[in-house]
Structures are given as C-alpha cells and as structure tokens.
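Everything numeric in this text was worked out from a predicted model, so none of it was measured.
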Amino acid sequence: MTEPRPFKDHFSAAAADYAAHRPRYPAALIDYLAGLAPASACALDCGCGSGQLSVPLAGRFARVVATDASAAQIAKAEPHPGVDYRVALAEDSGLPPASVDLLTVAQAAHWLDLERFYAEVRRIARPNAVLALISYGVLQVEGPPAPLVEHFYYRVLGPWWPAERRHVEEGYRSLPFPFAEYQAPALAIEVQWTLAELLGYLDTWSAVRALEKARGRAPLDRFAAGLAAAWGDPGTRRTVRWPLALRVGRVEAPS
C-alpha cells in the first residue's frame, strides 16, 4: 500500500460559512440508503463537514458517527443528540471492526486516498453493509440568473478549481469503486433561495477563495452586481437545484 497522502484542507478557513450556507441532503436520499442498509444501528458519515448529511441520517439510525479531518469543520457542526462528531481521517476512523451498517462520503470522496479508505471500509463494515459516495455538481438556478451562474462557474472560476473537482463534475464515475454496485435512483437537492442565500453558498467554493487570493474581490464583486441585476427583488426566492450523483455498493461479507 502506498504512503498516506497529506490532507488537502480547502475548507477549514471557511468553516463558519460552510455551516451556514451549504445545503442539506433530501429525505429521499436518506430513505433510499437506510432501506439498503442491513440494519440501522450505526452509520458513519466520513468527511462530514458541518453535518449536512450526518444530521438527516440521525433520523433513521440509532447512532451516527460523523468524522472530518478538519477540526474547524467539526467545531462548527450542527449539534444533534444522535450524532457523535469526531476529528478523524476517513482512512482511519478509529471505529472497531465490523461495527457499521452504512458508510457515506458526501461531496468529499475526491479528496480521499481511496486505496486506504476502501481498506478501512472493509475493516469496519458489518457483513453486507452499504457504502455510498455522494456528489452534486453544478447547480441549476431558475430564471434569468442561470446563464450568469454558469458563466461564473466555468469561465471565471474555471482555472481556479482544484484538479480533483473534475471527479465531482463526472459524478465520481471515473473513481475506482470495487463493490457490488446498485443502480441508484435519480435524486436531487432542491431549495428556494434568496439572492443573499445563493451568494452565501457560492462564497464557500474553494475556487472563489483561490481567485480572491490571487486577484482580490473585484472579479467576485462584478459577478455579484450582475447577478443582483438579473435577480430583481433580492427577497425573491428562486429554485436552486443540484442533481445528485451516487455510487452505492454492498460491502459483501467475506466468503
């Protein structure tokens, strides 16, 4: 096995904004994953951020362990009596063998050392536990702001995205996934946001931080002004949607 890769920390500095502005995952996703899991005693949410998936999972599992390598993210995580937040690498959870019914990685698998992570999955999974890699790509915004957001994502921020971002855009299809895979249903995150809520979310993007560091706020302010003009009344709520991409598999019991 190769030497561990260093933890690439793109989000600790923006942990408070991440907690405030990243969307939660839909109930339909939780129901789907809970329905596949062999039991509902324990779920592990790796790379949990501030609990956007961990907290909904607590509605279906007796115990949710939520880990993130960023102490800043864990410090800002949403408290919940059913969620045990811990600072830990996904590749080294600290959980006992054969103890987890469902393992999830939401919007974080592209940062992991997958060879080591999959070894950890096999170690801590109960027989026939379920592993889900979950991602959402480019958001879809209702109405006149849509082309401005698309241009901002691809043209303005394009050169500033980390190389790993391509895996998100590909729905994780190019990542190795050595498990018996399910054909997942079509699911999406959907919210009704004001202009300020959308701008708050966009400001959590790693590419925004990289562009700001290199060129200051001017490119971002120009985009925000154009978006405001297209939006109209800033209190108007528009539909914002992210189609989900899932890699879901069964961690089969040893033969």
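Looking only at distances, no side-chain donor or acceptor of Asp101 sits under 3.5 Å from a matching main-chain atom of Pro38. Judged by distance alone, the side chain of Ser93 and the main-chain N or O of Ala90 form no donor-acceptor pair under 3.5 Å. Within the 3.5 Å criterion, the main-chain N or O of His167 finds no donor-acceptor partner in the side chain of Glu170. With hydrogens and angles disregarded, a donor-acceptor distance shorter than 3.5 Å links the side chain of Asp68 to the backbone of Gly49. Side chain of Arg250 to main chain of Leu36: a donor-acceptor pair is present (N/O by atom type, distance under 3.5 Å, no hydrogens or angles). Tyr153 places no side-chain N or O within donor-acceptor distance of the main-chain N or O of Val138, the cut-off being under 3.5 Å.
The line from OH of Tyr25 to OG of Ser54 is 9.5 Å long, rounded to the nearest 0.5 Å. Between atom CZ of residue Phe61 and atom SG of residue Cys42 there is a gap of 9.0 Å, rounded to the nearest 0.5 Å. With rounding to the nearest 0.5 angstrom, the CD1 atom of Ile124 is 10.0 Å from the CG atom of Asp92. One distance of note links OH of Tyr136 with CG of Leu244; it measures 9.0 Å at 0.5 Å rounding. Taken from CD1 in Ile30 to CZ in Arg60, the straight-line distance is 9.0 Å, to the nearest 0.5 Å. Note that CZ of Arg247 and CG of Leu175 are 7.0 Å apart. Values are rounded to the nearest 0.5 Å.
Ionic pairing of Arg217 and Asp203 is present here: one or more N-O contacts between side-chain nitrogen and carboxylate oxygen are shorter than 4.0 angstrom. With respect to Arg241 and Glu142, no salt bridge is recorded, no charged nitrogen being found less than 4.0 Å from a carboxylate O. Between Glu91 and Arg123, none of the side-chain N atoms (NZ, or NE/NH1/NH2) sits under 4.0 Å from a carboxylate O, so this pair counts as no salt bridge. Using a cut-off of 4.0 Å between Lys/Arg side-chain N and Asp/Glu carboxylate O, Arg209 and Glu212 are scored as salt-bridged. Salt-bridge annotation for Glu78 and Arg24: present, with a side-chain N of the basic residue lying under 4.0 Å from a carboxylate O of the acidic one. In this structure, Arg116 does not pair ionically with Glu120, as no charged nitrogen and carboxylate oxygen lie closer than 4.0 Å.
Across every non-hydrogen atom of Pro144 and Arg238, the tightest pair is CD-NH1, 3.7 Å. Here the closest heavy-atom approach between residue Ser135 and residue Gly171 is recorded as OG-CA, 3.9 Å. When all heavy atoms of Trp231 and Pro145 are compared, the closest pair comes out as CE3-CG, 3.6 Å. Gln73 and Ser50 make their closest contact through OE1-N, 3.8 Å (heavy atoms, listed as atom of the first residue, atom of the second, distance).
In this structure, Tyr118 has its ring center closer than 6.0 angstrom to the ring center of Phe179. For Trp205 and Trp160, the gap between ring centers reaches or exceeds 6.0 Å.
A cation-pi arrangement, defined by a distance under 6.0 Å to the six-membered ring centre and an angle within 45 degrees of its axis, is absent between Arg237 and Trp193.
No side-chain heavy atom of Leu227 sits under 4.5 Å from any side-chain heavy atom of Phe152. For the pair Leu157 and Leu211, the minimum side-chain heavy-atom distance is below 4.5 Å. The shortest distance between side-chain heavy atoms of Phe223 and Leu220 does not fall below 4.5 Å. Within the 4.5 Å cutoff, no side-chain heavy atoms of Ile134 are placed close to those of Gln107. Within the 4.5 Å cutoff, the side chain of Asp45 has no heavy atoms near those of the Leu103 side chain. In this structure, the side chains of Tyr32 and Leu246 come closer than 4.5 Å at one or more pairs of heavy atoms. At least one side-chain heavy atom of Leu112 sits less than 4.5 Å from a side-chain heavy atom of Val105. Side-chain atoms of Pro23 and Gln52, non-hydrogen and from C-beta on, never get closer than 4.5 Å to each other.
In this model, no donor atom of one side chain and acceptor atom of the other lie less than 3.5 Å apart for Arg126 and Ser99.
Applying the 6.0 Å contact sphere to CZ of Arg173 captures more than 12 heavy atoms from other residues, nucleotides or ligands.
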Ring pair (Phe, Tyr, Trp, His ring centres under 6.0 Å) assessment of Tyr201 paired with Trp242:
CA-CA 13 Å; Tyr201 164 74; Trp242 298 261; 5.3 Å; yes

Determine, stepwise, if the pair Thr239 / Gln192 fulfils side chain to side chain donor-acceptor pair (under 3.5 Å).
CA-CA 5 Å; Thr239 300; Gln192 304 293 318; 3.0 Å; yes

